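Comments concern the structure below.
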2 protein chains.
Amino acid sequence: MTGQRTEATQPAVGVEERPEPPGLPDPLPEPAAADIRLETVLGALSDPLRLRIVRKLLLESEEFDHTCGWFGLDRPKSSLTHHFRALREAGVTRQRQYGLERRSQVRVADLNARFPGLLDLVAAWTPPDGD
Amino acid sequence: MTGQRTEATQPAVGVEERPEPPGLPDPLPEPAAADIRLETVLGALSDPLRLRIVRKLLLESEEFDHTCGWFGLDRPKSSLTHHFRALREAGVTRQRQYGLERRSQVRVADLNARFPGLLDLVAAWTPPDGD
DNA sequence: GTACTTGTACGAGTGGAGTCGAACTTAGCA
DNA sequence: TGCTAAGTTCGACTCCACTCGTACAAGTAC
């Protein structure tokens, strides 16, 4: 049951019922596209570390999703779990479980449809003290 | 000295040195346009009440600035002071003192220059439980 | 089997944000 | 002179987010 939160604690409001391409693991619990709230997304993106994660995914992902280790973030694993979950529960990213690894990708289509231009701002962002 | 914070407590990093049109009071301390940080702005806009304030200013202000009372917010005055200051210190709004009243306006030009499209998202936002 | 790796769950500590009441300051007006 | 209105400041409270260490679960490889 690794990587699967229990029903009692998962806060996802509406889990998407989208037909998946064959061979992909199901996404972890996430809000449906229509349930993504602007104030929640802005709150998720107001943290520099998470802004960095999303920006790196946008600029360097090349259509693939990535594990937590790929980002090269100098934080304990429990802290990274916290931030990646915050992004997923806000609807910013989607996470899938591949064996041991949990890979993340930005929900580009959903976010561009609901908040056009927002991801452009994230991509253009520069960290306070360099990259 | 009402409405003027002391030098010791004001956190504004760089106060703008812009020549003012005649007859307008000086703006209260605010970050210069170049010092406005995306993560700070997103944090300021992640609160539903502040999102509501900015949206109302954008949709109904008609080029004029407005007092706190104009918004019709059902909160104590001390709470409103807190939120209006958060917006101003993040660089989202500008406040000027007119006698007893402190009027707010959105820094539309500055924000559109630094974060194009962001204010459109705020204007298009709908509160969770109606307006 | 054992060891290693990825990531979670849990608990604790810390700090900051949101909320509010009460007292205060100031401007305008009767 | 005194009252009223707009908004601040201060202190206190609560709650949540961030951080982290530790322990645990589950694949993978030897």
Side-chain angles (χ1 to χ4, degrees), chain A residues 1-12 25 27-29 39-53 65-90 92-104, chain B residues 1-11 25 27-29 39-53 65-90 92-104 128:
Chain A
M1 191 141 182
T2 293
Q4 203 67 13
R5 313 192 67 222
T6 70
E7 290 298 320
T9 54
Q10 88 179 41
L28 300 178
E39 58 270 34
T40 310
V41 171
L42 297 185
L45 294 178
S46 67
D47 183 278
L49 186 72
R50 293 196 288 258
L51 214 40
R52 201 169 189 137
I53 289 172
D65 44 4
H66 294 277
T67 67
C68 296
W70 174 77
F71 296 89
L73 300 168
D74 189 19
R75 302 290 177 91
K77 294 186 295 179
S78 53
S79 296
L80 297 184
T81 298
H82 168 73
H83 288 293
F84 278 97
R85 182 166 64 195
L87 286 172
R88 190 191 75 234
E89 293 182 347
V92 178
T93 59
R94 170 167 299 139
Q95 288 185 289
R96 286 192 171 89
Q97 192 83 24
Y98 292 82
L100 260 187
E101 298 170 341
R102 178 167 294 195
R103 294 177 172 271
S104 298
Chain B
M1 196 165 179
T2 293
Q4 203 67 12
R5 313 191 69 221
T6 70
E7 291 298 320
T9 53
Q10 89 178 41
L28 300 178
E39 59 270 34
T40 310
V41 171
L42 297 185
L45 295 178
S46 66
D47 183 278
L49 187 72
R50 293 196 289 256
L51 214 38
R52 201 169 189 137
I53 290 172
D65 44 3
H66 293 277
T67 67
C68 296
W70 175 77
F71 296 88
L73 301 168
D74 189 19
R75 302 290 177 91
K77 293 187 293 180
S78 54
S79 297
L80 298 184
T81 298
H82 169 73
H83 288 292
F84 278 98
R85 181 166 64 194
L87 286 172
R88 190 190 76 232
E89 293 182 347
V92 179
T93 59
R94 169 166 300 138
Q95 288 185 290
R96 286 193 172 88
Q97 192 84 22
Y98 291 83
L100 262 186
E101 297 171 342
R102 178 167 294 196
R103 295 178 171 269
S104 298

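Naming: A, B, ... by sequence-line order, numbering from 1 per chain. Quantities reported herein were computed from a predicted structural model and do not represent experimental measurements. Basis for what follows: all heavy atoms, side chains included, without hydrogens, waters or symmetry-related copies.
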For a quick test of reading the model: is some side-chain N or O of A:S78 closer than 4.0 Å to OP1 or OP2 of D:dC20? no

Please report the distance, rounded to the nearest Å, between CG in A:L80 and C1' in D:dC20. 11 Å

note: A:L28, atom CG; C:dT6, atom C1'; distance rounded to Å ~ 14 Å

Within the structure shown, what part of the strands sits under 4.0 Å from A:R50 by heavy-atom distance: base, sugar-phosphate, or nothing? sugar-phosphate

For the pair made of NE2 in B:H83 and P in C:dG16, what is the distance, rounded to whole Å? 18 Å

Considering all heavy atoms of both residues, which atom of B:A86 and which atom of B:R50 are nearest to each other, and what is their separation? CB-NH1, 3.7 Å

Closest-nucleotide ordering on DNA chain D, the 5'-leading residue of A:H82 and A:G99: A:H82

Send over the distance from A:F84 CZ to D:dC18 P, rounded to a whole Å. 14 Å

Can you find a pair of side-chain heavy atoms, one from A:I53 and one from A:L73, that are under 4.5 Å apart? yes

As a test of reading the structure: which of D:dG27, C:dA27, C:dG18 is closest to the side chain of B:L100, going by heavy atoms? C:dA27

By nearest atom, which of the nucleotides C:dA9, C:dC20, D:dA6 is closest to the B:E101 side chain? D:dA6

From D:dC20, D:dG7, C:dT8, nucleotide with atom closest to A:T81 side chain: C:dT8

Given the rule in the side chain to side chain contact (heavy atoms under 4.5 Å, CB included) test, do A:T93 and A:F84 qualify, once you have shown the distances and angles that lead to the verdict? CA-CA 8 Å; A:T93 59; A:F84 278 97; 5.6 Å; no

C:dC20 phosphate, OP1 or OP2: any side-chain N/O from B:S79 under 4.0 angstrom? yes

Would you kindly compare A:L49 and A:K77 by the position of their nearest DNA chain D nucleotide and give the one closer to the 5′ end? A:L49

Rounded to whole angstrom units, what separation is found between the OH atom of B:Y98 and the P atom of C:dG28? 14 Å

Measure CZ/A:R75 against C1'/D:dG21 and give the value in whole Å, please. 16 Å

Of the non-hydrogen atoms in B:A44 and B:A90, which two are nearest, and what is the gap between them? CB-CB, 3.7 Å

Any A:R85 side-chain N or O less than 4.0 Å from OP1/OP2 of C:dT8: no

Whether A:R103 contacts C:dT6 is assessed here as follows: a side-chain N or O lying under 4.0 Å from the phosphate OP1 or OP2. Is that the case? no

d(CG, A:D74; P, D:dT19) in whole Å: 12 Å

Any side-chain heavy-atom pair from A:L28 and A:R102 closer than 4.5 angstrom? yes

A:R88 has an atom CZ; how far is it from atom C1' of C:dG7, in whole Å? 12 Å

